[in-house]
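Below is one structure; the comments refer to it alone.
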Amino acid sequence: MRNIININKNWKFIQKDAGLPETFPDDWDTVDLPHTWNAVDGHDGNGRYDRGCYWYARIFETPKQPLPGGRVYLDIPAAGQQASVYVNGKGVCYHEGGYSTFRVDITDECRKHGDNLLVIACSNENKSSVYPQSADFTFYGGLYRGVNLISVPHVHFELEHWGTSGLKVTAFPADCGGAEFALESEVRDADENFTVMYRICDADGREVAGAVRPANSTAVKLYVPEVTLWDCENPYLYTVTATLQRRNEAYDEVSARVGVRSFSCDPDKGFILNGIPTPLRGVSRHQDKLYKGNALTREDHYQDARIIKELGANTIRLAHYQHSQDFYDACDELGFIVWAEIPFISVMNEDPAAHENCITQLKELVIQNRNHPSICFWGISNEILIGGISEKLVENHKELNALCKKLDPTRLTTIAHVSMTPLDSPLHGITDVESYNHYFGWYGQKMEDNGPWLDHFHEVHPEVCLGLSEYGCEGIITYHGPEPACKDYSEEYQALYHEHMAKVLSERPWIWSSHVWNMFDFGCAARNEGGVSGRNNKGLVTMDRRTKKDSYYIYKAYWNREPMVHLCGRRYAQRAGETTEIRVYSNQPEVSLFLNGELAGVQSADKVFVFRAALKKGFNTILAVAGDCRDSMTIERMEKEPEIYVLPEVNERAEGVANWFSLMGDLDLKAPMEFPEGKYNIRCKLEDIAKSSEAMEVTAKAVKLATNFELAPGAGMWDMMKSMTPEAMVKMAGSMMPDGFAESLNAQLIQIDKVE
């Protein structure tokens, strides 16, 4: 029978490109897996992280084979981003793509007696043929999901075909009641003496159906007359087991936990699960954690899933790559609808090998994860128009979508459009459903623009099932104030933003899905924004998972049915002024507020309760009561609030915009813009503007004022942004910038000669 041997302990690692060692390198550092060399520098704010080719080594014994002819496989659940594998000095495998399982038969390279030297070179260096090419997150390197040996008899279920489990299960409700289970397994090297025995057991372990098939013709359909459907409230799982049998002896066995459910999307009804309209409301998630990077344990993954479940979400977008099997398992068990996607993101590389890598990663994603009932959507790209559009890009999307439907016709395909994607873009209509990434109220325009934009798209494209795949804003729990505003990075503004967005979405059930960006703060070594560099701080929860921001609780009030009440502003602990605003979130109809033991007010409202409280000097205790729920906090009335509560950039930015215009003198900013030949202008790509240091200096200052991004060739998120134009970036800022800003930038650029 199959034996899976974990070999995560006692590896040797060297953080330099040392080359293939001839013997076991005792002088390298000792590490345990999972491991990444970017666990700290991937998000510590130093402006860069180590991207190189580094080496791991381990000694292992050849597994004993109870039957003659048995095989030994090396199982690598992920290696970021490229990996070369050697056994006893011989290269046995090379894999491109940092997020999927790959395996290799190493039997012939293993010694019959004694130890074997396993060496793996991992690289997270940029390579034109490997996605992601450029994106707003850290590309961690290393063996961050561990390594296994798998010992099997010479006849066994398939292990090498795109990292398959060897068992394919499709379960769906039958028209006559009950359910049909379509089963198929892949068997390696079987003859007529082998059969496959299938067994379906319910959640209590009772067998409810079974079948036997010849090993060379394994497909079969089984009918289960009475079933419990899988849904978000009751994620009921059946276990399907395939046993490879030779007469009275079991040779190999694989299993999968599956759910029976039906689903669809309708432009007017949204997502429909088991015949019931079920708006999907949830979050996006990255797979890293503070000072662990992406080297997470199974418990780390389950902890994330439980925090999301407590929120009340029923969907997770797993951005922007294939996640761990542990997390997909957690989603199956806890009842999340999952959007799973490949890292075809931001910029398409013209290298034909890059498109082949897209195809490979899509095959791995689908084939390795097709048994998970939580997964209902395959995503084929994210914000790809940041790098511009071409006929080839559109053609590649059509090819990826067709491949998805061929590999798995039972699920829907989707895409995440960048906010600026036109309503008449040729990318519309390729996938089954679509979503947009909008940050109105943060990177541009106002939060109040979200609802009207969604309604307008729905009116223009009544045939499209529309979702909101990303939306959010930074929330840093150091920053506070009585008048929160966009780009102040305060916890209060983030909470106000999400109050508005939660309401917008609750009023539009036809939005098939929405995903907050992001559930957790995550690593982006290139970022330097809001005084916390190295990270994207849009999470509802901090990167260490220790602090749920106030914005977390507005969604809990909307989505979690368990009675709750939450006092906002406990970290806004020192306040100036005789009175202060107290905001309370609750899913109960009425909230009572007590100040220093006395009733200060009673309100009836929907989710958001706003009180005005008169504070005494010194410490004040605040208690909110909603039914049987209680929450309390203490705040101190001060003469002056701490300076740390306000990010210095907030005032500097306002002054910067004013100074910008003062440089323009008497220029008529209402005059039509001109684009003289041979001069720079706001319609030039940033990578072309960068050829002139003078033009780049002017543009970088404008981008900083408009978006708060630091822009410098070769640094930060340059690779992702270099194909954009200043016009597009200022347009993204929208109403955040005063009238005439784009005109003033163009007026400066057209004074500068182009550098060819």
Side-chain angles (χ1 to χ4, degrees), residues 36-52 124 126 132 134-141 284 286-294 319-320 346 439 442-443 470 472-480 486-491 493-494 517-547 549 551 571 642-654 656 686 696 699-722 724 729 732-733:
T36 173
W37 59 80
N38 303 120
V40 175
D41 74 352
H43 49 260
D44 67 355
N46 64 11
R48 61 176 299 278
Y49 63 107
D50 197 348
R51 300 188 68 175
N124 62 343
N126 182 63
S134 179
D136 186 15
F137 58 90
T138 297
F139 304 165
Y140 295 94
S284 296
H286 268 296
Q287 63 174 13
D288 61 349
K289 195 171 181 178
L290 188 68
Y291 302 140
K292 279 192 169 187
N294 61 354
H320 289 295
S346 304
Y439 291 91
W442 186 249
Y443 290 131
E470 290 182 24
C473 68
E474 302 266 325
I476 297 173
I477 62 175
T478 302
Y479 306 133
H480 306 282
C486 181
K487 286 293 181 178
D488 68 3
Y489 297 88
S490 68
E491 187 174 9
Y493 181 77
Q494 187 191 43
W517 191 262
N518 197 280
M519 183 63 202
F520 307 103
D521 294 344
F522 61 90
C524 179
R527 272 187 173 254
N528 181 12
E529 190 178 356
V532 180
S533 57
R535 302 172 200 171
N536 189 313
N537 300 290
K538 295 184 182 69
L540 304 180
V541 178
T542 54
M543 194 173 180
D544 58 9
R545 282 33 173 193
R546 295 180 65 86
T547 304
K549 304 175 191 178
S551 53
R571 283 166 288 277
E643 292 184 3
I644 191 65
Y645 281 2
V646 179
L647 177 69
E649 285 183 21
V650 173
N651 296 325
E652 291 170 4
R653 186 168 178 270
L686 294 174
M696 191 64 208
T699 304
K701 183 177 180 181
V703 170
K704 175 67 175 177
L705 290 171
T707 67
N708 207 43
F709 280 135
E710 301 283 353
L711 190 65
M717 291 183 285
W718 175 254
D719 286 343
M720 191 174 77
M721 300 168 69
K722 65 184 180 182
M724 298 182 70
M729 299 198 71
M732 282 178 63

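For the numbers below, each heavy atom of this structure counts, side chains included, while hydrogens, waters and symmetry mates do not. What you see is a predicted model, and the numbers here were worked out from it, not measured in a lab.
A side-chain donor from one of N124 and N38 sits under 3.5 Å from a side-chain acceptor of the other. For the residue pair N537/Y489, the side-chain donor-acceptor check at 3.5 Å is not satisfied. Defined by atom type and a distance below 3.5 Å, a donor-acceptor pair is present between the side-chain atoms of Y439 and E470.
Listed for the S346 side chain is a donor-acceptor partner under 3.5 Å among the backbone atoms of S134. A donor-acceptor pair is defined here as one N or O able to donate and one able to accept, closer than 3.5 Å; such a pair exists between the side chain of D288 and the backbone of G523. One N or O on the side chain of W37 and one on the backbone of D50 form a donor-acceptor pair closer than 3.5 Å. Panel note: side chain T138, backbone G42; a donor-acceptor pair is recorded below 3.5 Å. Side chain of T36 to backbone of Y140: no donor-acceptor contact under 3.5 angstrom is found.
Side chains of D488 and L647 form no contact here, defined as non-hydrogen atoms less than 4.5 Å apart. In this structure, T542 and K549 have side chains that are in contact, with non-hydrogen atoms separated by less than 4.5 Å. Between V646 and H480, every side-chain heavy-atom pair lies at or beyond the 4.5 Å cut-off. For the pair T478 and I644, the minimum side-chain heavy-atom distance is below 4.5 Å. Considering only heavy atoms from C-beta on, Y479 stays 4.5 Å or farther from Y645 through its side chain. E474 has its side chain out of reach of Q494: every pair of non-hydrogen atoms, C-beta onward, lies at least 4.5 Å apart. With a 4.5 Å cut-off on side-chain heavy atoms, D521 and K538 do not count as touching. Contact of the W517 side chain with the N536 side chain is registered, since non-hydrogen atoms from C-beta on lie closer than 4.5 Å.
Distance check, rounded to the nearest 0.5 Å: CD1 of I477 to CZ of R571 gives 5.0 Å. Expressed to the nearest 0.5 Å, how far OH of Y493 lies from SG of C486 amounts to 4.0 Å. Distance check: N294 CG to F139 CZ gives 12.0 Å after rounding to the nearest 0.5 Å.
The nearest pair of heavy atoms linking M543 to R545 is O-NH1, 2.8 Å. In plain terms, the two heavy atoms of W442 and G472 that are nearest each other are CB-O, 3.7 Å.
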Stepwise side-chain contact (heavy atoms from CB on, under 4.5 Å) check, R48 with N46: CA-CA 6 Å; R48 61 176 299 278; N46 64 11; 4.1 Å; yes
Full working for side-chain contact (heavy atoms from CB on, under 4.5 Å) between R527 and R535: CA-CA 6 Å; R527 272 187 173 254; R535 302 172 200 171; over 6 Å; no
Give the intermediate values and the outcome of side-chain contact (heavy atoms from CB on, under 4.5 Å) for residues Q287 and F522. CA-CA 8 Å; Q287 63 174 13; F522 61 90; over 6 Å; no
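Separation of the H286 and F520 ring centroids does not fall under the 6.0 Å cut-off. A ring-centre distance under 6.0 Å is not found for Y49 and H43.
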